[in-house]
Every structure is written in structure tokens, then in C-alpha cells.
K.L.:
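I have a structure I would like to understand better, so I am pasting it below and will then ask my questions one at a time.
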Amino acid sequence: MGSATAAAAAAAAAAAAAAAAAAAEEEASRRAAAPAVRGGGVSSSTLTSTTALQPYCAKSLPSSVLDRHLEEQANRLLPSGSPKVVVRMLANTRRAFYVPAQVQATFAVDATGSSPPPTIPYTAKTIGVFQELDGVWVLFFVLMAHEYGADAPLANRGRVYISYLDSVPFMWPCHARTALFQGVLHAYLDCSRRRGFTKAHLWVCAPGEGSQYLFLQRPPHQKTPDQKGLEAWNGNMASGAVAAGIATDFTDFFGDFLGDATALRDRRAANGR
């Protein structure tokens, strides 16, 4: 009886030891497989319940050739001693624009009269500009663009559409904001040109009072640009792109598509008709 009890106790101890060893092996495997935590360079295998994670860091976001070029050009425009900015491509996804049936039935995409396809492929890019202020990384400028490459119909092929530009007034120094924003745009247009795009379109429409666009909150002192001011800002940006050799010229949709009709209307008005 005594030997049987001793054998059972030994078996229980062995089972407990095996379970403990299996648990330890599973924990070690879990820690080894866990990815490193970016930002502070601390591996998750070294973290304990009392170890604090490092603060979020914009520099830890993956970078690309495009955002490295934009970042280099942007930092050249900052006054000496200013905190450097970090530029990152936050999204780069393939999408498709679904063409409404009425548009397909009404418009053509080339001189032969071909109807638009049901879908038009493009690449959506989102680019953000950050700056570290008082130990906190602040996102203060965002550019969103749609790029139509060689697989798009002729009417869209080789064109870049800058769909959104948005900012909040937290960059330092604040007087360098315009130069930096326009510099980022110039660098993006230059990259697009080098990648084979031939035309760029920028929507110039002043936001309504209270419109949020990309940033959901803004400081009360931030002013909303009016239409005249926005057109002047974009005109200066485009003139700078021409002066830098990035663009050959710039115009607007009205001049491109209604210029002849406007000239005819003016001549008729001058002749009293």
C-alpha cells in the first residue's frame, strides 16, 4: 500500500513538472515570436508588466523613396535651428473608380468616341508631415492624391489628381509654413513627373465655415481661407513649380474647356449681340 502511494505521488510530481516545463516552453516561444516594438527599440521579449512602452515616434513609420525625397526637400526650406520634419506615406493602395452609367452613355474617353469603362483603376496615396514639438510628434499637414497610370483610359492616363490638402497651425516656426507646404507640393509634383505623369490637377475650392476635411479638430484661432485667397495661394505654388522647371505652365478647367466659348461670348458682347 505504501509503495503504491509513493508511486502515485511520484507520478503526480512528474506530471506537474512536465506541465510546468510545457508552460515555460510555450511562454518562451510566444516571446520569441512576438515582433519588436518600434519607436523605442525595445523587444517585446524583454517587456514585463512593469516596463513602460516608448512614446510613439513618427520616424519609426516605414519609409519609401517618395517620402524620403519629400522630407529632404522640406527640411531644406526650414530656417536654421528649426526642428526637422518627418514625411511619411501613410497609405498607398490600389483602388477603382466606378463610372456611373449615365456618364458612360454621355461622354467619350478618346477621339474615336469610345465610352468610358465601368471602372477606372488608380492608386490612392496619403502623405503626412510630422514635427516633434516638446517631445510629442505632431501631424500638421496631409496631402491626398489619386494617380492614374498606364492602365487608365486615355482621358485619365498619366494624370495626378491632388484631391485634398489640409493642415493645422502647429508647425514651428509658423512663418515657414507656406514655404514648406508649397515645397512639399513641388517635391511631390517633381517625383510624379520623373515617374512619367504628364499632368497634375488640384481642386481649388474654399471650404465652408466649420468644414473639417481631414483634421477633425482645429484650434479656434485657425482662419478658414476664402476662395480668392486660396486661388492666390495655389497660383503662387504653381508659378513656383514653373520657375523651378517642374511644370511647363498651368491653367484652369475653365480656360481649358470653356476658353473658346468665353472668347466668343466676349466678342458678341462687344458687338452688341
Side-chain angles (χ1 to χ4, degrees), residues 39 54-64 66-67 69-79 81-93 95 123-147 160-189 191-192 200-241 252-253:
Q54 296 297 316
Y56 167 77
C57 177
K59 291 182 179 179
S60 299
L61 295 172
S63 64
S64 67
L66 173 61
D67 53 45
H69 176 69
L70 269 61
E71 181 177 308
E72 179 182 353
Q73 297 303 312
N75 280 313
R76 288 180 178 178
L77 299 171
L78 289 174
S82 303
K84 299 296 184 181
V85 300
V86 170
V87 180
R88 289 294 183 269
M89 185 159 56
L90 306 177
N92 184 31
T93 59
R95 297 183 181 179
T123 300
K125 281 184 167 63
T126 302
I127 297 169
V129 184
F130 303 79
Q131 190 177 46
E132 188 178 16
L133 302 174
D134 296 326
V136 177
W137 284 97
V138 177
L139 173 66
F140 62 88
F141 180 74
V142 177
L143 179 157
M144 294 183 68
H146 296 167
E147 300 177 346
V160 170
Y161 295 86
I162 299 176
S163 56
Y164 282 108
L165 294 173
D166 203 2
S167 67
V168 285
F170 295 135
M171 175 193 151
W172 190 87
C174 60
H175 68 264
R177 289 176 61 211
T178 295
L180 186 135
F181 293 169
Q182 294 187 357
V184 169
L185 275 168
H186 289 164
Y188 172 74
L189 294 174
C191 280
S192 299
H201 302 273
L202 178 61
W203 182 253
V204 183
C205 183
E209 194 69 32
S211 298
Q212 297 302 332
Y213 285 96
L214 303 178
F215 290 96
L216 299 181
Q217 297 292 333
R218 304 174 189 277
H221 66 270
Q222 183 171 3
K223 297 181 179 179
T224 302
D226 58 19
Q227 186 64 30
K228 185 176 181 180
L230 195 60
E231 289 177 0
W233 193 95
N234 284 280
N236 289 335
M237 185 279 297
S239 297
D252 55 33
F253 279 142

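Below, all heavy atoms of this structure are taken into account, side chains as well, without hydrogens, waters or symmetry copies. Because the structure is predicted, anything quoted here is derived from the model rather than measured.
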K.L.:
As an exercise, state the distance from CG of Leu230 to CG of Leu202, rounded to the nearest 0.5 Å.
P.N.:
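Rounded to the nearest 0.5 Å, the CG-CG separation comes to 8.0 Å.
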K.L.:
Would a distance-only check, ignoring hydrogens and angles, find a side-chain to backbone donor-acceptor pair under 3.5 Å from Asn75 to Lys84?
P.N.:
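Checked: no pair found.
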K.L.:
Give a yes or no answer on whether the side chain of Glu71 reaches the backbone of Val87 with a donor-acceptor pair at less than 3.5 Å.
P.N.:
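A pair under 3.5 Å: yes.
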K.L.:
How many angstroms lie between CZ in Phe181 and CG in Leu143, if you round to the nearest 0.5 Å?
P.N.:
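Here the rounded value is 11.0 Å.
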K.L.:
Working to the nearest 0.5 Å, report the span between CG of Leu77 and NE2 of His186.
P.N.:
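Leu77 CG to His186 NE2: 9.5 Å, rounded to 0.5 Å.
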K.L.:
Check Met89 against Ser64 and note the closest heavy-atom contact, atom names and distance.
P.N.:
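Closest approach of Met89 to Ser64: CE-OG, 3.5 Å.
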K.L.:
State plainly whether the residues Lys125 and Asp67 are in salt-bridge range, i.e. N to O under 4.0 Å.
P.N.:
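Answer for the salt bridge query: no.
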K.L.:
Is there a side chain to side chain contact (heavy atoms under 4.5 Å, CB included) between Leu165 and Leu185? Walk through the geometry before answering.
P.N.:
CA-CA 10 Å; Leu165 294 173; Leu185 275 168; 3.7 Å; yes
K.L.:
What I'd like to find out is whether the side chain of Thr126 reaches to under 4.5 Å of the side chain of Leu214, using heavy atoms alone.
P.N.:
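No; the side chains remain at least 4.5 Å from each other.
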K.L.:
Can you give me the closest heavy-atom contact between Ala206 and Gln227, atom names plus distance?
P.N.:
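For Ala206 and Gln227, the tightest heavy-atom pair comes out as N-OE1, 2.8 Å.
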K.L.:
Say you draw a straight line from CG of Asn236 to OG1 of Thr178; how long is it, rounded to the nearest 0.5 Å?
P.N.:
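Asn236 CG to Thr178 OG1: 9.0 Å, rounded to 0.5 Å.
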K.L.:
Output, in order, the C-alpha distance, side-chain angles, deciding distance and verdict of side chain to side chain contact (heavy atoms under 4.5 Å, CB included) for Cys191 and Leu70.
P.N.:
CA-CA 9 Å; Cys191 280; Leu70 269 61; 4.3 Å; yes
K.L.:
Sub-3.5 Å donor-acceptor pair from the side chain of Arg88 to the main-chain atoms of Leu61, do we have one?
P.N.:
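Answer holds: yes.
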K.L.:
Step through the shown structure and confirm whether more than 12 heavy atoms of other residues, nucleotides or ligands are within 6.0 Å of OH on Tyr164.
P.N.:
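Open.
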K.L.:
Looking at residues at least two apart in the chain, or sitting in another chain, which of them share a side-chain contact (heavy atoms from CB on, under 4.5 Å) with Ala74?
P.N.:
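Here the qualifying residues are Val85, Leu180, Val184.
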K.L.:
Looking at Ala58 and Val86, what are the two nearest heavy atoms and their distance?
P.N.:
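Scanning both residues, the minimum pair turns out to be O-CG1, 4.1 Å.
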K.L.:
For the backbone of Ser167 and the side chain of Arg218, can you confirm whether one donor and one acceptor N or O come within less than 3.5 Å of each other?
P.N.:
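Yes.
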K.L.:
Side-chain atoms of residues 127-139: list all donor-acceptor pairs with protein atoms under 3.5 Å, sequence neighbours left out, distances to 0.1 Å.
P.N.:
{"residue": "Gln131", "atom": "OE1", "partner": "Trp172", "partner atom": "N", "Å": "2.8"}
{"residue": "Gln131", "atom": "NE2", "partner": "Pro83", "partner atom": "O", "Å": "2.8"}
{"residue": "Gln131", "atom": "NE2", "partner": "Trp172", "partner atom": "O", "Å": "2.8"}

K.L.:
Does Trp233 reach the side chain of Pro225, with side-chain heavy atoms less than 4.5 Å apart?
P.N.:
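Answer no - side chains too far apart.
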K.L.:
Does any non-hydrogen side-chain atom of Cys174 lie less than 4.5 Å from one of Pro169?
P.N.:
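Sidechains of Cys174 and Pro169: no contact.
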K.L.:
NE2/His146 to CD1/Ile162 distance, rounded to the nearest 0.5 angstrom?
P.N.:
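Answer for the NE2-CD1 pair, His146 versus Ile162, is 11.5 Å.
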K.L.:
Specify the closest pair of heavy atoms between Ala145 and Val160, including all atoms of both residues, with the distance to one decimal.
P.N.:
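Looking at all heavy atoms of both residues, the shortest contact is CB-CG1, 4.4 Å.
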K.L.:
Return the minimal non-hydrogen interatomic distance between Phe215 and Asp166, and the atom names on each side.
P.N.:
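Result for this residue pair: N-OD2, 3.1 Å.
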K.L.:
If every non-hydrogen atom of Val168 is compared with every non-hydrogen atom of Gln217, which pair is closest and at what distance?
P.N.:
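Scanning both residues completely, I find the closest heavy atoms to be CG1-O, 4.0 Å.
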